[in-house]
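So the structure is just underneath, and the comments pick up after that.
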Amino acid sequence: KAGVTQTPRYLIKTRGQQVTLSCSPISGHRSVSWYQQTPGQGLQFLFEYFSETQRNKGNFPGRFSGRQFSNSRSEMNVSTLELGDSALYLCASSLARDSHEQYFGPGTRLTVT
Amino acid sequence: GIQVEQSPPDLILQEGANSTLRCNFSDSVNNLQWFHQNPWGQLINLFYIPSGTKQNGRLSATTVATERYSLLYISSSQTTDSGVYFCAVSSNKLIFGTGTLLAVQP
């Protein structure tokens, strides 16, 4: 069974631009969560989608948004990029919500210049 | 919110040595996972262990949920074990500790 895939793997953007990252979960998994990893803040939860609905959201500004499609694939969007948005963005999928093991993709490394 | 603390923050071992990594969490959780982050950033699942003991080769883990801690044991360490080890707990989202940076020297 294929693992979680994320595209693109690397991305360079300039301040003020917007970016869209994509995540395809493991086949059969319905929950997709997104995390941001930075050297200063560590790994932080962004949001979770299940059945095309955002179920949970972390403490991030409204510039960070996401969605989930009927095939469980998910996208996250960051608008008006700031230098501090430079990070590794990780997507995780699980069979269902709560108490289920999460499996991570390889991540998208975003650099904002 | 739930706080997750990992110790030690850094660990240097000689190849062949054993080690124990600890994860303390501040509240009841229904999910606990251990991950190894490889040099390219991917989080590799080691254990899903909300309670009890599990073993996988040279690695084993124990979670004592009533006392709010988990331990990851690495035996006969190899250079390929180097990297950052994270503990993460969840009620409805994964909350990560700050990790243990392990360096195994040949």
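The chains referred to below are lettered A, B, ... by the order of the sequence lines, with proteins before strands, and numbering in each begins at 1.
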*Working for side chain to side chain contact (heavy atoms under 4.5 Å, CB included), residues B:Gln37 and A:Leu88*: CA-CA 12 Å; B:Gln37 189 165 39; A:Leu88 179 65; 4.0 Å; yes
*Near B:Arg58 CZ, under 6.0 Å, is it more than 12 heavy atoms from other residues, nucleotides or ligands?*
yes
_Top contributor to chain B interface from A:Gly58, A:Gly105, A:Ser31, A:Gly42 [non-hydrogen pairs under 4.5 Å]_ = A:Gly105
*asked:* Applying a strict under-4.5 Å side-chain criterion to I, L, V, M, F, W and Y, I'd like to know whether B:Val104 and B:Leu11 cluster together.
replied: yes
*Can you tell which part of A:Arg109 gets under 4.5 Å to a heavy atom of chain B, answering side chain, backbone, both or neither?*
side chain
*Are B:Ile95 and A:Phe60 linked, directly or through other ILVMFWY residues, by side chains that come within less than 4.5 angstrom of each other?*
no
*For the atom pair NZ (B:Lys93) and NZ (A:Lys57), what is the distance rounded to the nearest 0.5 Å?*
10.5 Å
*Considering non-hydrogen atoms only, spot the tightest contact between A:His100 and B:Asn31 and give its length.*
O-ND2, 3.4 Å
*Tell me, yes or no, whether the heavy-atom count around B:Glu5 atom CD, taken from other residues, nucleotides or ligands under 6.0 Å, exceeds 12.*
no
_Please evaluate residues A:Phe104 and B:Leu94 with respect to the criterion side chain to side chain contact (heavy atoms under 4.5 Å, CB included), reporting the C-alpha separation (whole Å), side-chain torsions for both, the decisive distance (0.1 Å), and the verdict._
CA-CA 12 Å; A:Phe104 283 79; B:Leu94 282 179; 4.0 Å; yes
*Got a sec: does the CD1 of A:Ile12 have more than 12 other heavy atoms crowding it under 6.0 Å?*
no
*Check the pair B:Asn45 / A:Glu101 against side chain to side chain contact (heavy atoms under 4.5 Å, CB included), numbers first and verdict last.*
CA-CA 9 Å; B:Asn45 289 45; A:Glu101 188 170 5; 3.0 Å; yes
_chain B contact via A:Phe47 - which portion, at a heavy-atom distance below 4.5 Å_ = neither
*Mark yes when over 12 heavy atoms from residues, nucleotides or ligands other than B:Ile44 sit less than 6.0 Å from its CD1; otherwise mark no.*
yes
*Would you say the side-chain atoms of B:Gln33 pair up with the backbone N or O of A:Gln102, donor to acceptor, closer than 3.5 Å?*
yes
*How about A:Asn71: does its CG atom have over 12 heavy atoms from other parts shown lying under 6.0 Å from it?*
yes
*asked:* So for A:Leu43, is it side chain, backbone, both, or neither that comes closer than 4.5 Å to the heavy atoms of chain B?
replied: both
*Hydrophobic cluster membership, A:Leu81 vs A:Leu11, 4.5 Å side-chain cutoff*: yes
*Are A:Phe45 and B:Phe96 near enough that their ring centres are under 6.0 Å apart?*
no
*Locate the shortest heavy-atom distance separating A:Gln37 from B:Phe86; write the atom from each residue and the value.*
NE2-CZ, 3.7 Å
